[in-house]
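Okay, so here's the structure we're looking at.
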Amino acid sequence: MGVCGPDPKVEDLGSPRKQPYPMDALPISYAAQQFRKLIGEKTPYRVVHEPQARNTRPYDSRPTCEGHNNCMPICPIGAMYNGSYSVYHAEAAGAKFVPNAVVYRIERDSANKRVTAVHYYDPDKGSHRVTGKYFVIAAHCIETAKLMLFSADEQSPDGIANSSGHVGRNMMDHTGVQVSFISGDKALWPGRGPLETNVIDNFRDGDWRNERGAYLVHMVDDNQVDLATQLAIAKGYVGRELEEQIRYLASHTVRLFSHNEGLADPDNRLTLSKTNKDILGIPHPEVYYKLPEYTVKSCEHTRGLFRDLIGLMHGTDEEWTPGYFPQDHPAGSTIMGTDPTDSVVDGFCRTHDHENLFIASSSVFSSVGTGNITLTVAALALRVADTLKKELAHA
Ligand code: SF4
């Protein structure tokens, strides 16, 4: 993937590492430098580098990050990793990629122990059957549970790998809190370099996790001209004063958000809609989701911290995202565990019920921590690949 981060001998991120990250850490932007200085001088909090999958040297035929601040939704030059690069590698190694294929059924043998085939629709709803020795579901957590439930038949009326009844349960998201404000101190000039490089990491662990979830705070380094312009117009500025205000506000805007820890709750559940279907006749997913109290308390604590930071920076014009800020990292729905009565896969992502069916997805998470989930999904996928390599060598 190309992961960069600081040398653990130089900067302690609180997570033990045997060796340095493969690439040097990203340079610290001007805004992050100002933020680090202020927090370091006036609070007990630590602002540290965030390791991430952005190239700080040419790697995998992709260039070094040029710091143009366009990372979302996708890096235009490929300095930031995304899953398509792994697809290219898989194709080069001989994998066949079938675009626009929608798998709708998983077939098993008569003993219901092994998966024998998957069936998929092409865009014209032509049906195709693919056989194999091993099968890996590597989909989004919502699509994974949907497929497994929709594959119910007489042999498995509750769906595939669902003897526990936990397929579709334990859905989680990465809940957050977000605020932006205008710093009354000197200008930070956000908008140079990648969107996020620095985090406050004091609240990632502690005894208090008995009662409330951990969280990580990001100082977001994105260009604020859009927000500044809206604010200056709303304040009634016109002409030269409007231009001056846009410059002032864009250079003084601070945006903070958090990733708060989530817990699995079996009642947070995906089921298949009884009334709505897609164009292929596959039911829509329906999700019941109630934020766990553990996460609610964590978010309350985060709001308190943000208020302290706003005061420290003599902030004005606070804009809080109402309620909670969803970070769009859904997980759960086929969680990992040692007990086949309350989990769907074992520690190697193999389903308890079917020995040749694996799941490589955030759906196997049994909790959501404070970091973005992609690196963990990739690590789990590599674990699946290692098991398949070993077993296929002896098959
Ligand atoms: S700042 Fe973001 S968009 Fe620009 S090169 Fe770096 S990773 Fe890509």
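Start at 1 and go down the list; that is how both ligands and their atoms are numbered. Residue numbers run from 1 in the order of the sequence given. Here the structure is a predicted model, which means the values were calculated and not measured.
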Heavy-atom proximity to atom 7 (S) of ligand 1, best of Arg54, Arg192, Met72: Arg54

Check ion pair Lys297-Glu293 (N to O, under 4.0 angstrom): no

Note: Asp265-Lys290 ion pair, threshold 4.0 Å (strictly below): no

Proximal ligand 1 atoms for Asn69, defined as those under 4.0 Å from one of its heavy atoms: 1 (S), 4 (Fe)

Part of Leu195 with heavy atoms under 4.0 Å of ligand 1, whether side chain, backbone, both or neither: neither

Atoms of ligand 1, numbered as shown, that sit under 4.0 Å from any heavy atom of Glu66: 5 (S), 6 (Fe)

Ligand-residue contact atoms, ligand 1 with Ile77, heavy atoms, under 4.0 Å: 5 (S)

Atom 2 (Fe) of ligand 1: the protein heavy-atom neighbour that sits closest, reported with distance to 0.1 Å: Cys71 SG, 2.3 Å

Cation-pi check, Arg303 onto Tyr324 ring (under 6.0 Å, within 45° of axis): yes

Contacting atoms of ligand 1, where contact means under 4.0 angstrom from a heavy atom of Pro76: 3 (S)

Distance from atom 8 (Fe) of ligand 1 to nearest protein heavy atom, with residue and atom: Cys75 SG, 2.3 Å

Arg114/Glu355 ion pair, N-O < 4.0 Å: yes

Element-labelled atoms of ligand 1 that are located less than 4.0 Å from some non-hydrogen atom of Pro194: 1 (S)

Cys65 N/O/S atom closer than 2.8 Å to atom 2 (Fe) of ligand 1: no

Selected option - heavy-atom contact closest to atom 4 (Fe) of ligand 1, from Gln52, Arg62, His68: His68

